[in-house]
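For reference, the structure is listed below as structure tokens.
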Amino acid sequence: QVQLVESGGGLVQSGGSLRLSCAASGPTVSRHTMGWFRQAPGKERERVAATNWSGTTTYYAPTVKGRFTISADNSKTMVYLQMTNLTPEGTAVYYCASNSADNGLGSPYDYWGQGTQVTVSS
């Protein structure tokens with residue numbers, strides 16, 4: 001069974017930085033596509049970034065490209081989301097997710113963490 005546990009959320013001022021971590025476990029997780037999503041109050045869930053474990057294929061939402069960086073450490077099965085130049089619009093619950101599809105970046109995500117709150121103050 002795949003388990004995903006996020007950490008690193010908190011309160012940060014506008015313009016600040018934060019790094020989220022996702023501890024992934026499970027017998028097949030090292031072959032999954034890993035993603036970060038966020039959901040702000042009253043808004044739909046948005047995929048923020050995604051990657052394969054080798055880092056050779058990545059995706060970034062246009063709203064975060066150039067400010068957020070996703071990375072994965074296969075030896076530790078950890079996935080990170082480095083967020084810089086945060087704005088109040090970045091306030092949301094951030095979720096780590098994964099899927100085992102061959103076309104991972106284009107497929108729905110099957111496994112989800114519990115989420116971590118990020119609050120950006122103006």
Side-chain angles (χ1 to χ4, degrees):
Q1 182 69 15
V2 173
Q3 288 191 323
L4 305 172
V5 179
E6 305 95 335
S7 61
L11 175 64
V12 63
Q13 288 188 336
S14 183
S17 299
L18 207 59
R19 189 178 84 153
L20 305 182
S21 300
C22 173
S25 61
T28 62
V29 72
S30 62
R31 298 194 295 271
H32 286 198
T33 294
M34 305 300 297
W36 284 98
F37 289 72
R38 67 185 179 187
Q39 187 165 23
K43 295 190 177 181
E44 292 189 357
R45 187 168 57 197
E46 171 191 24
R47 185 176 56 166
V48 173
T51 185
N52 57 5
W53 281 100
S54 64
T56 54
T57 304
T58 57
Y59 163 86
Y60 291 97
T63 51
V64 306
K65 199 168 187 177
R67 299 187 298 118
F68 289 13
T69 303
I70 188 170
S71 60
D73 184 339
N74 206 345
S75 66
K76 300 178 182 178
T77 58
M78 293 288 296
V79 183
Y80 306 98
L81 185 67
Q82 179 68 49
M83 305 184 292
T84 63
N85 195 18
L86 283 160
T87 67
E89 288 70 32
T91 295
V93 177
Y94 284 71
Y95 298 91
C96 179
S98 77
N99 72 57
S100 59
D102 289 339
N103 179 24
L105 289 184
S107 299
Y109 287 73
D110 305 307
Y111 303 97
W112 295 85
Q114 82 287 352
T116 186
Q117 175 71 46
V118 173
T119 302
V120 185
S121 63
S122 57

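Remember, predicted model here, so these are calculated numbers, not experimental data.
- Side chain of Thr91 to backbone of Val120: a donor-acceptor contact under 3.5 angstrom is found.
- Side-chain atoms of Trp53 do not come within 3.5 Å of backbone N or O of Met34 as any donor-acceptor pair.
- Closest of all the heavy-atom pairs between Gly104 and Thr33 is CA-OG1, 3.1 Å.
- Using a distance-only test at 3.5 Å, with no hydrogens or angles considered, a donor-acceptor pair links the side chain of Glu6 to the main chain of Gln114.
- Val12 and Met83 fall within a single hydrophobic cluster, where Ile, Leu, Val, Met, Phe, Trp and Tyr are joined by side-chain heavy atoms under 4.5 Å apart, directly or via other members.
- A continuous path of hydrophobic side-chain contacts links Leu18 to Tyr94 [ILVMFWY only; heavy atoms under 4.5 Å].
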For this session: Would you check, one step at a time, whether the test side chain to side chain contact (heavy atoms under 4.5 Å, CB included) holds for Tyr95 with Leu20?
Result: CA-CA 10 Å; Tyr95 298 91; Leu20 305 182; over 6 Å; no

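- Qualifying side chain to side chain contact (heavy atoms under 4.5 Å, CB included) partners for Ser121, counting only residues two or more places apart in sequence or in other chains: Leu11, Gln13.
- Ser107 is linked by a side chain to side chain contact (heavy atoms under 4.5 Å, CB included) to Asn99, Ala101, Asn103, counting only residues two or more places apart in sequence or in another chain.
- Taking Ala50 as the reference, Arg47, Tyr59, Leu105, Tyr109 meet the side chain to side chain contact (heavy atoms under 4.5 Å, CB included) condition, with sequence neighbours excluded.
- Shortest non-hydrogen contact noted between Ser98 and Val2 is OG-CG1, 4.1 Å.
- Taking each heavy atom of Ala92 and Gln39 in turn, the nearest pair found is CB-O, 3.4 Å.
- With sequence neighbours left out, the side chain to side chain contact (heavy atoms under 4.5 Å, CB included) criterion links Ser54 to Asn52, Thr56.
- Note on residues 30-44: pairs passing salt bridge (charged side-chain N to carboxylate O under 4.0 Å, His left out), not counting sequence neighbours, are Arg38-Glu46.
- A 6.0 Å sphere centred on CD of Gln3 holds no more than 12 heavy atoms belonging to other residues, nucleotides or ligands.
- Side-chain heavy atoms closer than 4.5 Å link hydrophobic residues (I, L, V, M, F, W, Y) into clusters, and following such links, even through other members, never connects Val118 to Phe37.
- Note: the hydrophobic cluster containing Tyr80 does not contain Leu86 (ILVMFWY, side chain heavy atoms under 4.5 Å, direct or indirect links).
- Applying the side-chain hydrogen bond (donor to acceptor under 3.5 Å, both in side chains) test to residues at least two apart or on different chains, the pairs with a partner in residues 64-74 are Asp73-Ser75.
- The line from NE2 of His32 to OG1 of Thr51 is 14.5 Å long, rounded to the nearest 0.5 Å.
- Contact annotation: the side chain of Trp36 approaches that of Cys96 to within less than 4.5 Å [non-hydrogen atoms, C-beta and beyond].
- Distance alone, capped at 3.5 Å, places no donor-acceptor pair between the Ser21 side chain and the Ser7 backbone.
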